[in-house]
Amino acid sequence: MKVSKIATTLALIMSTLSVFSQEGEFMVKGKLGAIHNNKYVKLYYQQDTIKMVDSVRVVGGAFALRGRLVSATVGNLSMDGPEMGDRIDIFLSAGTLLVEGKDSLRYANVHGTPLAESYEKLAQKLRPVERKVIDGFVHFKNMPEGEEKKAYITQLLAGLDEYTRFKRETIHQFVSQYPDSYVSLYHLDKTAAGGNANYETTYPYYDKLSAKLKNTTLGKQLGARLLAAKGVLTGEIYKDFVSTTPAGDKLSLKEVVATNKYTLLDFWASWCGPCRKENPHVVKTYRAFKSQGFTVLSVSLDDDRTRWTEAIQKDGMPWYHVSSLKGWREPAAVLYGVRAIPQNVLIDSQGKIVATNLRGETLFNKVQNLLK
């Protein structure tokens, strides 16, 4: 092999390694207007479970911050706190990152490392909406107690679902467009953190990531978490049970499955806040597809009949309902290994479980695709 070809190959390998680098020294160099001289710039970021904070004074319109990373991460560069004041989010990775602004950090130009520049393509779409939400909660925190504050938080929370959906869809679009960027993996992982991991929502986009990304430590962790979220029940045949309706009649899961194309077996309770928040999504899906063979059998983990039936009425849930009114000792829940709610299982007319734990618009989209 020619020397020039060897050099080119090595350069490509080193470039790939730098893009997927998980640790190393970093530097953030900034150039700001003279108006910021003698002010302190603070850098907030997290490594594993440790929250890191560093600061430096602006001298001659410039500053520099250094550190060592064990993994690439998003940090916040600010003249104040991490979620207030003049600030900008940046992607930290091994290498030198440049932040250049005149009057404000918020509108600074960020470049210098491949990951920082890749992140900017995503951040420029997310920042305006994220800042509006964060600033809204900061404003709420500083408001005096009273009716106006109560009304304000109600308004904020009402828009939170829309913001969450926007962020997730924007990240999914970014992943589809940049499947080789570690930034795609990083943010996809954040959308599926902890109890938010949902196989149906996230795996189609995880599957688009390059093999090199999936083979990183974070890629392997996310893949394993998604497969665990898929659940051991998917692909299995459902387990039948008999329980009691609000009217006192006996009803089996088998009866419901036999007369419908798809049945959502939904575990919930009147006292479960997340369940009640999820109910409107189930109602929307039921109304859209009930004429095409979709139905719901809800199993309540209530132990109070009145609260159970009042919640059904209040949430407008016009489908099949059963409960033994034994709380967490509900036999159907034990049969399906339910340890947390809401939880659901989607069953086809042949009795095969085709999906589990479908939430929000994911439930709607899944049923819609299956009934095409």
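Between the side chain of N357 and the backbone N or O of K230, no donor-acceptor pair lies under 3.5 Å. Checked by atom type and distance alone, the side chain of D207 never pairs as donor or acceptor with a backbone atom of Y203 at under 3.5 Å. Panel note: side chain D54, backbone L43; no donor-acceptor pair is recorded below 3.5 Å. Using a distance-only test at 3.5 Å, with no hydrogens or angles considered, a donor-acceptor pair links the side chain of Q46 to the main chain of D48. Judged purely by atom type and a 3.5 angstrom limit, N260 uses its side chain to pair as donor or acceptor with the backbone of V256. Of the possible polar contacts, none joining the N215 side chain to the A211 backbone as a donor-acceptor pair under 3.5 Å is found. Not one N or O on the side chain of S118 forms a donor-acceptor pair closer than 3.5 Å with the backbone of P114. Put simply, the side chain of S184 never gets that close to the backbone of D180: no donor and acceptor are under 3.5 Å apart. At distances below 3.5 Å, not a single donor-acceptor pair connects side-chain atoms of E100 with backbone N or O atoms of V110. Of the possible polar contacts, none joining the R87 side chain to the L105 backbone as a donor-acceptor pair under 3.5 Å is found.
No option in S270, S323, S324 other than S270 meets the side chain to side chain donor-acceptor pair (under 3.5 Å) test with D302.
Between K167 and K190, the closest side-chain pair of non-hydrogen atoms is not below 4.5 Å. Side chains of V99 and V41 form no contact here, defined as non-hydrogen atoms less than 4.5 Å apart. Taking the side chain as every heavy atom from C-beta outward, L325 and W308 approach each other to under 4.5 Å. Looking at heavy atoms from C-beta onward, Y178 lies out of side-chain contact with V183 at the 4.5 angstrom threshold. Side-chain contact between Q47 and S71 is present, with heavy atoms from C-beta onward closer than 4.5 Å. Contact of the E200 side chain with the R359 side chain is not registered, since no non-hydrogen atoms from C-beta on lie closer than 4.5 Å. K290 has its side chain out of reach of T295: every pair of non-hydrogen atoms, C-beta onward, lies at least 4.5 Å apart. Side-chain contact between R57 and F63: absent, with no pair of heavy atoms (C-beta onward) separated by less than 4.5 Å.
Counting heavy atoms of neighbouring residues, nucleotides and ligands inside a 6.0 Å radius, atom CD1 of I35 does not exceed 12 of them. Within a 6.0 Å sphere centred on CZ of R68, heavy atoms belonging to other residues, nucleotides or ligands number more than 12. Heavy-atom contacts from other residues, nucleotides or ligands closer than 6.0 Å to CD of Q313 number 12 or fewer. Sparse packing is recorded around NZ of K326, with 12 or fewer heavy atoms of other residues, nucleotides or ligands lying under 6.0 Å away. Around CZ of R276, the count of heavy atoms belonging to other residues, nucleotides or ligands within 6.0 Å exceeds 12.
The pair E162-R165 meets the salt-bridge criterion, since a charged nitrogen lies less than 4.0 angstrom from a carboxylate oxygen. A salt bridge does not link R127 to E130: none of the charged nitrogens lies less than 4.0 Å from a carboxylate oxygen.
Within the cation-pi definition used here (under 6.0 Å to the ring centroid, within 45° of the axis), K284 qualifies as a partner of F364. Cation-pi geometry between K214 and Y206 is met: under 6.0 angstrom from the ring centre, within 45 degrees of the axis. Stacking of K261 on the aromatic ring of F294 is not recorded, the 6.0 Å distance cut-off and the 45° axial limit not both being met.
How far CG of L264 is from OH of Y286: 12.0 Å, rounded to the nearest 0.5 Å. A distance of 11.5 Å separates OG1 of T356 from CD of E236, quoted to the nearest 0.5 Å. Here CG of L126 is found 7.0 Å from NE2 of H187. Values are rounded to the nearest 0.5 Å. Here L185 contributes atom CG and L213 contributes atom CG; the two are 5.5 Å apart, rounded to the nearest 0.5 Å. Separation of atoms OG (S104) and NE2 (H36) is listed at 6.5 Å; rounding is to 0.5 Å. Rounding to the nearest 0.5 angstrom, the gap separating the CD atom in Q343 from the SG atom in C275 is 10.0 Å.
Pairing each heavy atom of L301 with each of A333, the nearest pair is CD1-CB, 4.0 Å. Heavy atoms only, all atoms of each residue included: A288 and Q292 are closest at O-NE2, 3.9 Å. Across all their heavy atoms, K208 and P179 have their closest contact at O-CB, 3.2 Å. Annotation for A192 and T202: closest pair CB-OG1, 3.9 Å, computed over non-hydrogen atoms. The two atoms that bring K121 and F174 nearest to each other are CB-CE1, 4.0 Å, heavy atoms only. Here the closest heavy-atom approach between residue F289 and residue Q368 is recorded as CZ-CB, 3.5 Å.
V28 and L98 fall into different hydrophobic clusters, defined by Ile, Leu, Val, Met, Phe, Trp and Tyr side-chain heavy atoms under 4.5 Å apart, directly or through other members. Connection of V296 to Y262 is established within a shared hydrophobic cluster, with ILVMFWY side chains joined at heavy-atom distances below 4.5 Å, either directly or through further cluster members. Connection of W271 to W268 is not established within any shared hydrophobic cluster, with ILVMFWY side chains joined at heavy-atom distances below 4.5 Å, either directly or through further cluster members. M52 and L92 end up in the same hydrophobic cluster when Ile, Leu, Val, Met, Phe, Trp and Tyr side chains are linked at under 4.5 Å. Hydrophobic clustering of Ile, Leu, Val, Met, Phe, Trp and Tyr side chains at less than 4.5 Å, counting indirect connections, keeps L358 apart from L253.
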Derivation and outcome, side-chain contact (heavy atoms from CB on, under 4.5 Å), residues I347 and V345 = CA-CA 6 Å; I347 307 166; V345 173; 3.9 Å; yes
Check the pair D303, R329 against salt bridge (Lys or Arg N to Asp or Glu O under 4.0 Å), reporting the backbone distance first and the verdict last.
-> CA-CA 10 Å; D303 56 12; R329 293 182 293 110; over 6 Å; no
side-chain contact (heavy atoms from CB on, under 4.5 Å) between V334 and F241, intermediate numbers included = CA-CA 11 Å; V334 174; F241 61 83; over 6 Å; no
Dump the intermediate steps for side-chain contact (heavy atoms from CB on, under 4.5 Å) on L222 and R225, then the final yes or no.
-> CA-CA 5 Å; L222 176 57; R225 191 160 71 251; 3.6 Å; yes
Dump the intermediate steps for side-chain contact (heavy atoms from CB on, under 4.5 Å) on E278 and C272, then the final yes or no.
-> CA-CA 10 Å; E278 186 66 27; C272 169; over 6 Å; no
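A donor-acceptor contact closer than 3.5 angstrom links the side chains of K250 and T244. Judged by distance alone, the side chains of Y186 and T73 do bring a donor and an acceptor atom under 3.5 Å apart.
Aromatic ring orientation, H321 versus W319: parallel (interplanar angle below 30°, classes split at 30° and 60°). Using bins of under 30°, 30° to 60° and over 60° for the plane-to-plane angle, the ring pair Y336/F267 lands in the tilted bin. Ring planes of Y45 and F26: perpendicular class, angle over 60° (limits at 30 and 60°).
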